[in-house]
Amino acid sequence: MTAGEDALNLPRPRPAEPSEAVVLELFGDVPDLAAARQWTGEVLSDLGEDEITDAKLVVSELVTNAYEHGEHPLSLRLRRVRDLVRVEVTDLSPQVPVVGGSSVRVTRGRGMVLVDRLSRQWGAVRHAVGKTVWAVLSGQSQRSNAVLSH
C-alpha cells in the first residue's frame, strides 16, 4: 500500500470481469469526493481522458446528492459492460432525485442536470430500504476530435 492509499483508506481497485461491479463503501458525515473521483479514475484507467472526466463528474454529483438528500451508509459501484460504464450510488433514503431547472442566478441544484446531460440514461430503483441511483455512460468518446478553423 502506498502512502496515498493509506491516507485515503481506499480499497485497491481490481480489474473487473465484464459486468462485475467494483464497489467502494463510503463512510462519514462529509463525502470525500476527491477520494471517490481518484478511485473512479483508477477503476476506469483504461478509458480515454474525456470518458474518465465524465465518469468522475457523474460520480461526484451522485455521491453529493446521496449525502445531501439521502441517508447513510452509502456505496458507490462501477460496472463495465462492453463499451458502457454504469455508475450506481446506493443510500438508505427512499427519496429519488429529479432534474431541476438550471439558472445562472443559483449556485446549487445543477447536479442532476449534469448527470442527465452526460449520461446515456439514468434512473433510480427503490429498495425495501433505500434506493440506488444509476447512470450509464459511454466508455467510448462521443465527442468529435475535429479541429475547427476560422
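All values derive from a computational prediction rather than experimental measurement. FYI, side chains are in, hydrogens and waters are out, and symmetry mates aren't considered; it's all heavy atoms of this structure.
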| field | Audit row: R117, D54, salt bridge (charged side-chain N to carboxylate O under 4.0 Å, His left out) steps and yes/no | value | CA-CA 10 Å; R117 297 276 164 84; D54 288 352; over 6 Å; no
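- The two atoms that bring A135 and V115 nearest to each other are CB-CG1, 4.1 Å, heavy atoms only.
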| How far apart are the C-alpha atoms of V96 and H69, what are their side-chain angles, what is the distance that settles it, and do they pass the side chain to side chain contact (heavy atoms under 4.5 Å, CB included) test? | CA-CA 9 Å; V96 296; H69 306 291; over 6 Å; no
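- Counting heavy atoms from C-beta outward, V30 and D32 have side chains that stay 4.5 Å or more apart.
- Counting only N and O atoms by type, the side chains of T132 and H127 include a donor and acceptor under 3.5 Å apart.
- Not counting sequence neighbours, the partners of R77 by the side-chain hydrogen bond (donor to acceptor under 3.5 Å, both in side chains) test are S75, E88, T90.
- When every heavy atom of W39 is checked against every heavy atom of L78, the shortest pair comes out as CZ3-CD1, 3.6 Å.
- When every heavy atom of L84 is checked against every heavy atom of S138, the shortest pair comes out as CD2-CA, 4.3 Å.
- Between E51 and L44 there is no side-chain heavy-atom pair separated by less than 4.5 Å.
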| Should V136 and V85 be marked as a side chain to side chain contact (heavy atoms under 4.5 Å, CB included) after you check the CA-CA gap, both sets of side-chain angles, and the distance that decides it? | CA-CA 6 Å; V136 175; V85 175; over 6 Å; no
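- Within the 4.5 Å cutoff, the side chain of W134 has heavy atoms near those of the V125 side chain.
- Considering every non-hydrogen atom in both S93 and G70, the closest pair reads CB-CA, 3.5 Å.
- Once rounded to the nearest 0.5 Å, the distance linking CD of E71 with CD of Q95 reads 9.5 Å.
- Under the salt bridge (charged side-chain N to carboxylate O under 4.0 Å, His left out) criterion, K131 pairs with D91, not counting sequence neighbours.
- Taking the side chain as every heavy atom from C-beta outward, T64 and L33 approach each other to under 4.5 Å.
- With contacts defined as side-chain heavy-atom distances shorter than 4.5 Å, the pair K56/V59 does not qualify.
- L118 and V113 fall within a single hydrophobic cluster, where Ile, Leu, Val, Met, Phe, Trp and Tyr side chains are chained together by heavy-atom contacts under 4.5 Å.
- Side chains of V22 and R79 form no contact here, defined as non-hydrogen atoms less than 4.5 Å apart.
- I52 and G41 make their closest contact through CG2-CA, 4.0 Å (heavy atoms, listed as atom of the first residue, atom of the second, distance).
- Checking side-chain atoms of E61 against main-chain N and O of V58 turns up no donor-acceptor pair under 3.5 Å.
- Contact record, Y67 with F27: OH-O, 3.3 Å, taken as the closest heavy-atom pair.
- The side-chain hydrogen bond (donor to acceptor under 3.5 Å, both in side chains) test applied to S60 returns R37, not counting sequence neighbours.
- Proximity of V87 to L62: side-chain heavy atoms (C-beta onward) are separated by under 4.5 Å at one or more points.
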